[in-house]
**Student:** 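This is the structure, below, for whatever I ask next.
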Amino acid sequence: QVQLAESGGGSVQAGESLRLSCVVSGSTSSMQSMAWFRQAPGKAQEFVAAISGSSNSPYYADISKGRFTISRDNAKSTMYLEMNNLRPEDTAVYYCNAELRPLLIRATRPGAYWGQGTQDTVSS
């Protein structure tokens with residue numbers, strides 16, 4: 001059974017950084033596309049960034065361009081999200097998302113697998 005486990009969330013001040021990790025287990029094949037989504041209290045879930053499996057090409061939503069960096073270490077079955085210059089509006093539960101099929105995850109096309117989420121809180 002495929003499982004995604006996020007870690008690295010926490011509480012920081014505005015302008016500080018956090019690094020999230022997502023470890024994949026239970027899969028005999030490597031995940032193709034992986035991504036991060038987030039959901040703030042009272043708001044809809046939104047796409048943050050994705051990374052392909054073949055070329056590790058990143059793709060960013062406007063909310064994360066220039067401040068966030070997505071990466072992955074296939075040998076460790078782990079994806080990362082480095083978040084810099086955090087703002088209070090970045091406060092949300094961040095979810096890891098992944099897809100085994102050769103499909104690119106995008107905002108309107110999430111992968112089949114989800115983690116439980118990790119809470120990030122940014123104070124002003």
**Student:** Would M83 and D120 satisfy side-chain contact (heavy atoms from CB on, under 4.5 Å), going step by step from the backbone distance to the final call?
**Tutor:** CA-CA 10 Å; M83 303 185 292; D120 294 341; 3.1 Å; yes
**Student:** Between the side chain of E99 and the main-chain N/O of A112, is any donor-acceptor distance below 3.5 Å?
**Tutor:** yes
**Student:** Does Y80 have R19 sitting over its ring (NZ/CZ under 6.0 Å from centre, angle to axis within 45°)?
**Tutor:** yes
**Student:** Please identify each residue that fulfils side chain to side chain contact (heavy atoms under 4.5 Å, CB included) with Q116, with sequence neighbours left out.
**Tutor:** E6
**Student:** Looking at every non-hydrogen atom in both residues, tell me the closest pair between N85 and R67 and how far apart they are.
**Tutor:** O-NH1, 3.1 Å
**Student:** Set out, in order, the CA-CA distance, both residues' side-chain angles and the distance that settles side-chain contact (heavy atoms from CB on, under 4.5 Å) for Q39 and Y94, then state yes or no.
**Tutor:** CA-CA 7 Å; Q39 187 165 20; Y94 285 73; over 6 Å; no
**Student:** Applying a strict under-4.5 Å side-chain criterion to I, L, V, M, F, W and Y, I'd like to know whether V23 and M34 cluster together.
**Tutor:** no
**Student:** Mark yes or no for whether S64, through its side chain, and V48, through its backbone, hold a donor-acceptor pair below 3.5 Å.
**Tutor:** yes
**Student:** On a heavy-atom basis, which atom in Q119 and which in A92 lie closest, and how many Å separate them?
**Tutor:** NE2-O, 3.4 Å
**Student:** Looking at every heavy atom in both A98 and M31, which two are closest together, and how far apart are they?
**Tutor:** CB-SD, 3.7 Å
**Student:** To the nearest 0.5 Å, tell me how far Y60 OH sits from K65 NZ.
**Tutor:** 11.0 Å
**Student:** When you check the gap from the basic side-chain N to the acidic O, do R38 and D90 get nearer than 4.0 Å?
**Tutor:** yes
**Student:** Supply the atom-to-atom distance L20 CG to S7 OG, rounded to the nearest 0.5 angstrom.
**Tutor:** 8.0 Å
**Student:** Looking at G111, is its backbone amide N or carbonyl O close enough to the side chain of N97 to form a donor-acceptor pair, meaning the two atoms are under 3.5 Å apart?
**Tutor:** yes
**Student:** Under the side chain to side chain contact (heavy atoms under 4.5 Å, CB included) rule, collect the residues that match up with E89, sequence neighbours excluded.
**Tutor:** R87
**Student:** Rounded to the nearest 0.5 Å, how far apart are OG of S123 and CG of L86?
**Tutor:** 11.0 Å
**Student:** Run the side-chain hydrogen bond (donor to acceptor under 3.5 Å, both in side chains) check on N74 and S30 step by step: do they pass?
**Tutor:** CA-CA 7 Å; N74 291 331; S30 296; 5.9 Å; no
**Student:** Taking atom types as modelled, find out whether T78 and D73 have a side-chain donor-acceptor pair closer than 3.5 angstrom.
**Tutor:** no
**Student:** Looking at every non-hydrogen atom in both residues, tell me the closest pair between Y95 and G115 and how far apart they are.
**Tutor:** CD2-O, 3.7 Å
**Student:** Nearest 0.5 Å, what's the CD1-CZ distance between I51 and R72?
**Tutor:** 6.0 Å
**Student:** Does S57 offer a backbone N or O that forms a donor-acceptor pair with the side chain of S52 under 3.5 Å?
**Tutor:** yes
**Student:** If you define the side chain from C-beta out and look only at heavy atoms, does anything of R109 sit under 4.5 Å from L104?
**Tutor:** yes
**Student:** Honestly curious: do W36 and V12 fall in one hydrophobic cluster under the side-chain, below-4.5 Å linking rule?
**Tutor:** yes
**Student:** How many angstroms lie between OH in Y113 and CD in Q3, if you round to the nearest 0.5 Å?
**Tutor:** 11.5 Å
**Student:** Within 45 degrees of the axis of the six-membered ring of Y59 and under 6.0 Å from its centre: does R106 put its NZ or CZ there?
**Tutor:** yes
**Student:** About how many Å separate CD1 of I70 and CG of L81, when rounded to the nearest 0.5 Å?
**Tutor:** 6.0 Å
**Student:** Could you work out, with ring-ring contact (aromatic ring centres under 6.0 Å, His included) as the rule, every residue matching F37, not counting sequence neighbours?
**Tutor:** F47, W114
**Student:** Report yes or no: does T91 contribute a side-chain atom to a donor-acceptor pair with the main-chain N or O of V122 at less than 3.5 Å?
**Tutor:** yes
**Student:** Between C96 and M79, which heavy-atom pair has the shortest distance, and what is it?
**Tutor:** SG-CE, 3.6 Å
**Student:** Where is the tightest heavy-atom contact between S33 and I105, given as atom of each residue plus distance?
**Tutor:** OG-N, 2.9 Å
